[in-house]
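Data first, discussion second: the structure below is written as structure tokens.
Below, chain A is the first sequence line, B the second, and so on; all start at residue 1. Source: prediction; values computed, not measured. Scope of the values below: all heavy atoms of this structure, side chains included, with no hydrogens, waters or symmetry mates.
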There are 2 protein chains.
Amino acid sequence: MEFEKLADILKALADPTRLKILSLLRTRDCCVCELVPIFNISQPAISKHVSRLKTAELVRETRKGQWVFYSINEKRLDEIGYALSNLPDLSEELRKLEQQGLTVTCE
Amino acid sequence: MEFEKLADILKALADPTRLKILSLLRTRDCCVCELVPIFNISQPAISKHVSRLKTAELVRETRKGQWVFYSINEKRLDEIGYALSNLPDLSEELRKLEQQGLTVTCE
DNA sequence: TATACATATAACAATATGGTTATATGGTTT
DNA sequence: AAACCATATAACCATATTGTTATATGTATA
């Protein structure tokens, strides 16, 4: 995964409210009106948080009557964990740097 | 790991420049003056990025003469991957919600 | 159809983020 | 001591983030 895209998904994860929402969704799918009383922020704030998670494909939504239920995309979460433990090999960049004589040698 | 702390570390990771710096450090330790020509941002910008990574304990620094070499803390990175795949169980919170009659049932 | 409820969007404010240039600090070398 | 090089910090700016309140939209129901 490219750095820009990985960074975007990490930004979606990098908020305590959104992490707690994801944790809650591990137990079961929830709709916005269930999440609101758990946090002390407004309904639009919760709505924006789940929307951010949806954009990053960390959750999916399903409308059921007047409610919209959100579910966690565990696969996406594992994908990110994997990407972090397997960051790309950039030794080629460092070799180029060396060819330009820009590396620091220091025994 | 608590949500606040995990979010802080994820914020440190959630930037393409910092992700690339971490990738470079996988190959070998680097000092700031080696990183600067790889990116087209200023030396102080790079300095602030590595400082952010250091605060999150994602890198460690070692002074060698006039240079400061940064090394990756792979353990920390794996820790985060693990935390993401094992978010806490908040079923208790949802049980409380149910007792308050705030859950939505919808067959 | 009118009303009610759940969710999303708009407009705004305060703060955080990521860059800049200028300058200070720490260590090396002449 | 003076000059030099690497790095960090300060002051600043533009933009992004995260919350607010007010309002629009979508669906169900009296």
Side-chain angles (χ1 to χ4, degrees), chain A residues 3-5 7-22 25 29-56 58-71 97 101-107, chain B residues 3-5 7-22 25 29-56 58-71 97 101-107:
Chain A
F3 296 125
E4 283 285 352
K5 181 157 190 185
D8 278 347
I9 301 168
L10 288 169
K11 267 178 207 162
L13 283 169
D15 176 90
T17 301
R18 290 194 289 271
L19 287 173
K20 187 167 179 181
I21 290 174
L22 285 175
L25 296 183
D29 300 359
C30 292
C31 54
V32 172
C33 68
E34 289 177 313
L35 296 173
V36 170
I38 293 175
F39 300 88
N40 50 0
I41 58 176
S42 66
Q43 173 268 315
I46 297 288
S47 191
K48 277 201 290 186
H49 280 304
V50 293
S51 166
R52 194 115 161 56
L53 289 171
K54 202 185 99 184
T55 301
L58 287 159
V59 303
R60 299 224 172 78
E61 69 170 42
T62 316
R63 181 172 275 279
K64 281 186 183 164
Q66 65 193 139
W67 297 281
V68 178
F69 280 81
Y70 289 91
S71 57
L97 199 72
L102 294 171
T103 52
V104 171
T105 37
C106 167
E107 71 296 329
Chain B
F3 296 123
E4 282 286 353
K5 181 157 191 187
D8 278 347
I9 301 167
L10 288 169
K11 269 178 205 160
L13 284 168
D15 178 272
T17 302
R18 290 194 289 271
L19 287 173
K20 187 167 179 181
I21 290 174
L22 286 175
L25 296 181
D29 299 358
C30 292
C31 54
V32 171
C33 67
E34 290 177 314
L35 295 173
V36 170
I38 294 176
F39 300 87
N40 51 359
I41 58 177
S42 65
Q43 173 269 315
I46 296 289
S47 191
K48 277 201 290 186
H49 280 305
V50 293
S51 166
R52 194 115 159 57
L53 290 171
K54 203 185 98 185
T55 301
L58 287 159
V59 304
R60 298 225 173 76
E61 69 169 44
T62 317
R63 179 172 277 280
K64 279 187 183 164
Q66 63 192 141
W67 298 281
V68 177
F69 280 81
Y70 289 89
S71 57
L97 200 72
L102 293 171
T103 52
V104 170
T105 38
C106 168
E107 70 296 332

Between the protein and nucleotides 26-28 of chain C, which nitrogen or oxygen pairs come in under 3.5 angstrom?
none

For A:Leu19 versus B:Ala7, what's the shortest heavy-atom pair and its separation?
CD1-N, 3.7 Å
Which atom pairs, donor and acceptor, lie under 3.5 Å between side-chain atoms of residues 35-51 of chain B and protein residues at least two apart or in another chain?
| from | atom 1 | to | atom 2 | distance (Å) |
| --- | --- | --- | --- | --- |
| B:Ser42 | OG | B:Ala45 | N | 3.4 |
| B:His49 | ND1 | B:Arg18 | NH1 | 3.0 |

Only counting residues at least two apart or in another chain, list the ones meeting side-chain contact (heavy atoms from CB on, under 4.5 Å) with B:Lys5.
B:Met1, B:Glu2, B:Ile9, B:Arg76
Applying side-chain contact (heavy atoms from CB on, under 4.5 Å), name anything that partners A:Asp29, two or more places apart in sequence or on another chain.
A:Phe69, A:Ser71
Sugar-phosphate, base or nothing in reach of B:Tyr70, heavy atoms under 4.0 Å:
sugar-phosphate
How close do A:Glu34 and B:Leu102 get, counting heavy atoms only, and between which atoms?
CG-O, 3.8 Å
With a 4.5 Å limit on heavy-atom distance, are the side chains of A:Tyr70 and A:Thr62 in contact?
no
Atom-to-atom span, CG of B:Leu53 to C1' of D:dA8 - whole angstrom
15 Å
Among D:dT7, C:dT7, C:dA22, which is the nearest nucleotide to the side chain of A:Val68?
C:dT7
Side-chain donor or acceptor of A:Gln43 under 3.5 Å from a matching atom on the base of C:dA8?
yes
How far does NZ of A:Lys11 sit from NZ of B:Lys11, to the nearest 0.5 angstrom?
12.0 Å
Which angle, to the nearest 10 degrees, lies between the helix axes at the two ends of the helix from C:dT1-D:dA30 to C:dT30-D:dA1, each defined by five pairs?
10°
Between A:Asp15 and B:Leu10, does a side-chain contact (heavy atoms from CB on, under 4.5 Å) hold up when you go through it step by step?
CA-CA 8 Å; A:Asp15 176 90; B:Leu10 288 169; over 6 Å; no
Rounded to the Å, how far apart are A:Leu102 CG and D:dC5 C1'?
15 Å
Using a cut-off of under 3.5 Å, enumerate the N/O to N/O pairs linking the protein to nucleotides 14-19 of chain D.
| from | atom 1 | to | atom 2 | distance (Å) |
| --- | --- | --- | --- | --- |
| D:dT17 | OP1 | A:Arg52 | NH2 | 3.3 |
| D:dT18 | OP1 | A:Asp15 | OD1 | 3.3 |
| D:dT18 | OP2 | A:Arg18 | NH1 | 3.2 |
| D:dT18 | OP2 | A:Arg18 | NH2 | 3.2 |
| D:dG19 | OP2 | A:His49 | NE2 | 2.2 |
| D:dG19 | N7 | A:Lys48 | NZ | 3.2 |
| D:dG19 | O6 | A:Lys48 | NZ | 2.9 |

Non-hydrogen atoms of B:Ala12 and B:Leu53 that approach each other most closely
O-CD2, 3.9 Å
With a cut-off of 6.0 Å (strictly less than), are more than 12 heavy atoms of other residues, nucleotides or ligands near CZ of A:Arg60?
no
Quick check: closest heavy atoms across A:Trp67 and A:Cys31, and the distance to 0.1 Å?
CD1-SG, 3.8 Å
If I take atom CD in residue B:Glu61 and atom C1' in nucleotide D:dA8, what distance separates them, rounded to the nearest angstrom?
10 Å
In terms of side-chain heavy atoms of B:Trp67, which of C:dA6, C:dT21, D:dT7 is nearest?
D:dT7
